[in-house]
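To start, the structure under review is shown below, and the notes come after it.
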Amino acid sequence: MKLAIVVPVYNESKRAVDTINKILLRTNNLVVVIDDGSKDDSWKCLNSTYKNNKQVILLKHVINLGKGAAMKTGVTMAWKKKSDGVIFIDADGQHNPEHLKKFEEALEKCDLVFGFRSLGTEMPTIRRWGNLFSINLIKLLFKLKRKDLLCGYFGFKRNIYKEIEWLESRYGVETEIACRVGKKQIPFKEVKIDTIYIDKYKGVTIFDAFKILFKLPYWYFRK
Amino acid sequence: MTIIGVQLIVAFFAILMLYNLFLHWKKNDIGIKGFIAWFILWGGLLFINFFPKVVEPFIKELFFVRIFDFTTVIAFAVITYIMFENHIRINQMQKQLEDLVRTKAIKSIKK
């Protein structure tokens, strides 16, 4: 199966190249990197490193649109390159590329594969509580049992993209996908990944969490 | 006619907004229809501010106790309408911008 590894990048000049190098060591699949309007040197670093690499496709959003929009651009490019599925991995080093094999294998058997981290003490307390709260809320509203709702390390096959295609352009994308999966009761597998937290000020903040929470009724009632 | 503090504040604000409106009209930031609509709003506020008796028949009809209550309700209605319009427009623009940026990114690929 031909897959594309989609890597959204935003202000990750220090870590993106390292993450992509690790990905390239572990897969022969196409790697689609989207610089989502970074303000630092991310694009310069990526361009100078992978400009002539045929396995890597570099895309740039001229302004920052958000993770969800960057993921969508990656998916569009993957389909354009005739990929059968995609795997998303964050560029900040919080997703270990060593697990890519597990995702690739799981996608052979299932259309949708989510990663899950252990919600133990490795995870910052506020994020652990937020994640547990979201897991239970989604379970209650959408009858969806997930071990880690906010994990951005996941993949799916092309045939189910229409079912889970998200509208959210910012950080609510994982929750929106979970809602769609729950509503349509799409079967999925979960793959254990490492719990790595590098930058505590990046990713979903408490304010983003509230915004996501306010969108839940809309996702619940929407067709 | 005695003028109280609150009337002075409202008058000052309304005149400031009328001047701001005039500047934007001169800079072609706003069309003639928009200019007239905003002029009626701020000019109307200024007029009611100095001649509150004009709206008294409506106030009695609508069971408002004071003119101030009436203007507050009207102001909230206007603000809510503007906020809603802005919300819709911003969402539309965000969507258009997202499509534009994403299409540009995809089209930039030659290999």
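Remember, predicted model here, so these are calculated numbers, not experimental data.
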Which value, rounded to the nearest 0.5 Å, describes the distance between [X] atom [atom1] and [Y] atom [atom2]?
X	Y	atom1	atom2	value
S169(A)	K95(B)	OG	NZ	10.0 Å
I109(B)	L59(A)	CD1	CG	4.5 Å
H61(A)	K104(B)	NE2	NZ	11.0 Å

Evaluate whether atom [atom1] of [X] has more than 12 neighbouring non-hydrogen atoms of other residues, nucleotides or ligands under 6.0 angstrom away.
X	atom1	answer
N159(A)	CG	yes
E61(B)	CD	no
K157(A)	NZ	yes
F64(B)	CZ	yes

Q) Of the backbone (N, CA, C, O) and the side chain (C-beta and beyond), which part of K80(A) lies under 4.5 Å from a heavy atom of chain B, both, or neither? A)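 It is the side chain, since no backbone atom gets that close.
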
Q. With only heavy atoms counted, which part of I63(A) is less than 4.5 Å from chain B, the side chain, the backbone, both or neither?
A.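 For I63(A), backbone and side chain are both near chain B.
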
Mind listing the closest non-hydrogen atom pair of [X] and [Y] along with its distance?
X	Y	value
T73(A)	A105(B)	CG2-CB, 4.2 Å
A69(A)	R102(B)	O-NE, 3.6 Å
V62(A)	V101(B)	N-CG1, 3.7 Å

